[in-house]
S.K.: 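So that we are looking at the same thing, I have put the structure below in C-alpha cells.
Count residues from 1 along the sequence.
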Amino acid sequence: MIIKNVTVIDGTGSAPRPGMDVTIADGCFTDIRPTAAETAAAPGGHADDQVIDGRGHYLALGLWESHTHLTGHAMALPEAERVPHVRQQLADYLKAGITSVCDLGGSAAYGRMVREAGQPGTAARLFYAGPCFTGPKGWPLQVHGDRTMALETGSAEDARRAVQNLVGQVDFVKCIFDGKDGQRLPPAALEVIVAEAHTAGKKVLAHVATGTDVRDAVHAGVDAIEHAFVPQDPADLSEAEQAAALMAEAGTLFCPTVVTWEQLGHSGDRAHLDRLVADGIITAEEAAEVAARPSYGKPFPHHPADESRIRFEYAMRTLPLFHDAGVKLVAGSDIALVMPTPASALLRELQLFAQAGLPGLEIIAAATGRAAEKVGKHDAVGTVTVGAAADAVLLDADPLKDISHLIDPQHHRAIISAGRLAQR
Ligand SMILES: [Zn+2]
C-alpha cells in the first residue's frame, strides 16, 4: 500500500511533514519519503500496490487508549462470553480509529486468550498488565474482593515471589500505590517490583492518590504515574510544581486521566452532560441514554464526587505546568461511566488536554508515541517511522486545527491496522 502526497504526523511530537509518500508492506511502514514525480519506482513499491491519494489529507499514527480495563470487567460474564466480548470491544475501538489499547489491571490469562483469538488488523492491539499489585486489603480489593484480579502484597518478599511469577506473562506491570485509606503497598515492595520488572525489560505503572504517593513512587523508580493526584490544598500550585520537577528529573511519564475525575465529579450533574453536548463530544440522544443508566448519579466507591471535582480542577490548572517542566504526558481515560462509548472518553481526554492549554502536537504525541513508550512498546509500534508497525488513521481535516478531528468518524478516510485497511 502506498499513501501518496500526504501530510505525516508521526507521533513523536515532531512538526507535521507535508508532501510525503508512505509505503506499507508486511504490516509495517517500509518507506517514508518526499513525494516526487518518479516515486512509482520507490523501493518496496510494486505495480499491484494499492495506491491511496493523500493530497490534502493527514496520516497520523492510530491512537492509543493507554489506560482502561477490559479483561477485569469481562470476568463478570459467563466464561464462554469473555473472550468474544473483549474482542468485540477491541474491534469497536479500531472502528473509532484507536489502534492500540492498554488493559491496566485484569486477567493475564484472558489477555493472552484475547490476543490469540483474532487476526491482525481486525481489532485494536491489546497490551495488558494482568493482575495489579496492591497493599493489604488495598484498592480495589476492599470493594471487589476478587483476588485473581489483584495481588495483595504486604512485604518485599511477597512482592518478589509474585512479580517473578507474573512478569513473563504480561506486557507491563501495574501497581496500586494508593495511600488514601492507609492500605498502600509498602514502598520496599514497590522497589522490588520495579527492580524485578526492569530486569525482565518490563515497565512499571503506578496508580496514585496523593502527592506523597507520587513522590514515593517516583523515588521507587516507576516508569509512569497513573492519575492526577488529590492536592493537599487546591489553591496551592507548589505541590504540583514539586511533583513536576521530580518527574521531569526522573523521566517519569504522567497519565492524569482527567476525564476520569471529570466523570466521577459530575455524575448526576445534567449541566455537565450539556457541556459535553456543546463541546461536540456526545449528542443530545447519547446524553439522555447516559442519564438513564442506573449508575448515573450514584456514588462511586473509593472516589467521592467532591474530591474527584477537586482532583479534576487542580489537574486542569496544573497540566501546562507539568508540560512546561518537561514531563511527558500520556492520554488515557480509565472509565466511560458517563460517556456513550470508551472511544468518546478518550476523545474527551484529548479535548480536555486542549482546553487546559496544551499544544496540539503534544496532545497527539500523548495519545500515540508516548503511550507506546509508557508500556515499553515504542520500538515496535507507536510512531509513523520506517520499521514500525503500520497502524494509522488517514484524516481529511487537520487535527492540529481541532483535536476532535482525530476521533470524529466523519473525518476518517481510512483506518489502517497492522498494514491493512480496517473494515468500516
Ligand atoms: Zn484504572
Side-chain angles (χ1 to χ4, degrees), residues 8-16 58-68 90 92-104 124-127 205 224-228 253-260 262 279 281 315 319-320 322-323 327-336 339 341-378 381-385 388-395 397-409 411-412 415-417:
V8 172
I9 301 175
D10 68 10
T12 67
S14 304
Y58 300 80
L59 188 74
L61 190 91
L63 295 172
W64 282 60
E65 167 55 88
S66 90
H67 185 140
T68 192
L90 292 170
D92 291 344
Y93 273 114
L94 183 60
K95 286 198 186 90
I98 298 163
T99 52
S100 292
V101 176
C102 301
D103 185 356
L104 261 71
R125 291 173 202 274
L126 175 66
F127 300 102
L205 282 39
I225 295 293
E226 300 295 319
H227 306 310
L253 284 78
F254 183 30
C255 182
T257 68
V258 275
V259 72
T260 298
E262 185 188 37
D279 286 348
I281 292 286
L319 277 185
F322 280 89
H323 170 61
V327 176
K328 295 178 181 178
L329 294 164
V330 189
S333 69
D334 198 7
I335 57 170
M339 284 288 176
T341 64
S344 51
L346 181 66
L347 172 55
R348 180 61 172 172
E349 182 76 4
L350 303 186
Q351 194 178 56
L352 290 170
F353 278 15
Q355 288 181 6
L358 298 174
L361 276 174
E362 172 70 16
I363 299 169
I364 294 174
T368 55
R370 299 274 178 66
E373 184 181 345
K374 185 174 90 170
V375 295
K377 301 293 175 185
H378 50 297
V381 56
T383 53
V384 184
T385 50
D391 290 356
V393 285
L394 184 66
L395 310 170
D398 186 351
L400 294 173
K401 290 228 172 77
D402 182 344
I403 203 71
S404 69
H405 295 156
L406 271 175
I407 292 194
D408 184 347
H411 293 296
H412 289 162
I415 295 165
I416 298 163
S417 173

S.K.: Going by the rule side chain to side chain donor-acceptor pair (under 3.5 Å), which residues pair with Ser344 if we only count those two or more places apart in sequence or in a different chain?
M.R.: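 Ser344 satisfies side chain to side chain donor-acceptor pair (under 3.5 Å) with Thr341 only.
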S.K.: Hey, could you give me the CG/CG distance between Leu94 and Leu63, rounded to the nearest 0.5 Å?
M.R.: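 With rounding to 0.5 Å, CG (Leu94) is 11.0 Å from CG (Leu63).
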S.K.: Please identify each residue that fulfils salt bridge (Lys or Arg N to Asp or Glu O under 4.0 Å) with Asp103, with sequence neighbours left out.
M.R.: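 Asp103: no salt bridge (Lys or Arg N to Asp or Glu O under 4.0 Å) contacts found.
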S.K.: Return the set of residues passing ring pair (Phe, Tyr, Trp, His ring centres under 6.0 Å) with Phe127 (not counting sequence neighbours), or none when no residue passes.
M.R.: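 Expected list: Trp64.
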S.K.: Once ring pair (Phe, Tyr, Trp, His ring centres under 6.0 Å) is applied, do any residues pair with Tyr58, and if so which ones, sequence neighbours excluded?
M.R.: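 In terms of ring pair (Phe, Tyr, Trp, His ring centres under 6.0 Å), with neighbours along the sequence ignored, Tyr58 is linked to no residue.
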S.K.: Check His378 against Gly369 and note the closest heavy-atom contact, atom names and distance.
M.R.: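 That closest heavy-atom pairing would be CB-O, 4.4 Å.
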S.K.: Given 3.5 Å as the limit, does a donor-acceptor pair link the side chain of His227 with the main chain of Val258, or not?
M.R.: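 Checked: no pair found.
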S.K.: Which atoms form the tightest heavy-atom contact between Phe254 and Ala228, and what is the distance?
M.R.: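 Phe254 and Ala228 have their closest heavy atoms at CZ-CA, 3.9 Å.
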S.K.: Might you point out which heavy atoms bring Ser66 and Leu104 nearest each other, and give the distance in Å?
M.R.: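 Scanning both residues completely, I find the closest heavy atoms to be O-CD1, 3.3 Å.
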S.K.: With side chains defined as the heavy atoms from C-beta onward, is the minimum distance between Ile416 and Leu394 less than 4.5 Å?
M.R.: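 No, every pair of side-chain atoms sits at 4.5 Å or beyond.
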S.K.: What's the shortest heavy-atom distance between Ala388 and Thr383, and which atoms?
M.R.: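 Nearest pair, atom of Ala388 first, then Thr383: CB-O, 3.4 Å.
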S.K.: Applying salt bridge (Lys or Arg N to Asp or Glu O under 4.0 Å) as the test, list every pair that has at least one member in residues 342-359; sequence neighbours left out.
M.R.: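 Found Glu262-Arg348, Asp279-Arg348.
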S.K.: Are Met339 and Ile281 close enough, and set up right, to give a side chain to side chain contact (heavy atoms under 4.5 Å, CB included), and what steps lead you there?
M.R.: CA-CA 9 Å; Met339 284 288 176; Ile281 292 286; 4.1 Å; yes
S.K.: Please identify each residue that fulfils side-chain contact (heavy atoms from CB on, under 4.5 Å) with Pro342, with sequence neighbours left out.
M.R.: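 Applying side-chain contact (heavy atoms from CB on, under 4.5 Å) to Pro342 gives Tyr93.
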S.K.: List for me each residue that meets side-chain contact (heavy atoms from CB on, under 4.5 Å) alongside Leu361, sequence neighbours excluded, and say none if there are none.
M.R.: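 Testing Leu361 for side-chain contact (heavy atoms from CB on, under 4.5 Å), a comparison that skips the adjacent residues, returns Ile9, Pro16, Leu400.
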S.K.: With rounding to the nearest 0.5 angstrom, report the CG to CG distance, Leu319 to Leu358.
M.R.: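 Atom-to-atom, Leu319:CG and Leu358:CG are 5.5 Å apart.
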S.K.: Excluding sequence neighbours, so at least two apart, what forms ring pair (Phe, Tyr, Trp, His ring centres under 6.0 Å) with His405?
M.R.: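 His405 satisfies ring pair (Phe, Tyr, Trp, His ring centres under 6.0 Å) with His411 only.
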S.K.: CD of Gln351 to CG of Leu406: how many Å apart, nearest 0.5 Å?
M.R.: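 Going from CD on Gln351 over to CG on Leu406, the span is 12.0 Å.
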S.K.: What residues, two or more places apart in sequence or in another chain, satisfy salt bridge (Lys or Arg N to Asp or Glu O under 4.0 Å) together with Asp334?
M.R.: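 Asp334 satisfies salt bridge (Lys or Arg N to Asp or Glu O under 4.0 Å) with no residue once adjacent residues are dropped.
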S.K.: Is there a donor-acceptor pair under 3.5 Å between the side chain of Thr257 and the backbone N or O of Ser333?
M.R.: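 No, Thr257 side chain to Ser333 backbone: no donor-acceptor pair under 3.5 Å.
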S.K.: Looking at residues at least two apart in the chain, or sitting in another chain, which of them share a salt bridge (Lys or Arg N to Asp or Glu O under 4.0 Å) with Glu65?
M.R.: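 None.
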S.K.: Val384 and side-chain contact (heavy atoms from CB on, under 4.5 Å): which partner among Asp10, Thr12, Asp391?
M.R.: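 Result: among Asp10, Thr12, Asp391, Asp10 is the only option passing the side-chain contact (heavy atoms from CB on, under 4.5 Å) with Val384.
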S.K.: Which pair of heavy atoms, one from Ala124 and one from Val101, lies closest together, and at what distance?
M.R.: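 Taking Ala124 first and Val101 second, the nearest heavy atoms are CB-CG2, 3.9 Å.
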S.K.: Within the supplied structure, the quantity of interest is the number of heavy atoms (other residues, nucleotides, ligands) at a distance under 6.0 Å from Lys377 NZ; does it exceed 12?
M.R.: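 For Lys377, atom NZ is crowded (more than 12 foreign heavy atoms under 6.0 Å).
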S.K.: List the residues meeting side-chain contact (heavy atoms from CB on, under 4.5 Å) with Ala224, not counting sequence neighbours, and say none if there are none.
M.R.: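 Once residues adjacent in sequence are excluded, the partners of Ala224 under the side-chain contact (heavy atoms from CB on, under 4.5 Å) criterion are Leu205, Glu226, Leu253, Lys374.
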S.K.: Where do Ala367 and Leu350 come nearest, in terms of heavy atoms and distance?
M.R.: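 Residues Ala367 and Leu350, closest heavy atoms: CB-CD2, 3.8 Å.
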S.K.: What pairs of residues pass the salt bridge (Lys or Arg N to Asp or Glu O under 4.0 Å) test when at least one of them lies in residues 350-371, not counting sequence neighbours?
M.R.: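 Listed once each, the pairs are Glu362-Arg370.
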S.K.: When you compare the side chain of His412 with that of Leu395, does any pair of heavy atoms fall below 4.5 Å?
M.R.: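 Side chain of Leu395 against side chain of His412, heavy atoms only: contact under 4.5 Å found.
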S.K.: Can you tell me how far CD1 of Ile407 sits from CG of Leu347, rounded to the nearest 0.5 angstrom?
M.R.: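 Rounded to the nearest 0.5 Å, the CG-CD1 separation comes out at 4.5 Å.
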S.K.: With a 4.5 Å limit on heavy-atom distance, are the side chains of Ile364 and Ile403 in contact?
M.R.: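 The answer is yes; the side chains approach within 4.5 Å.
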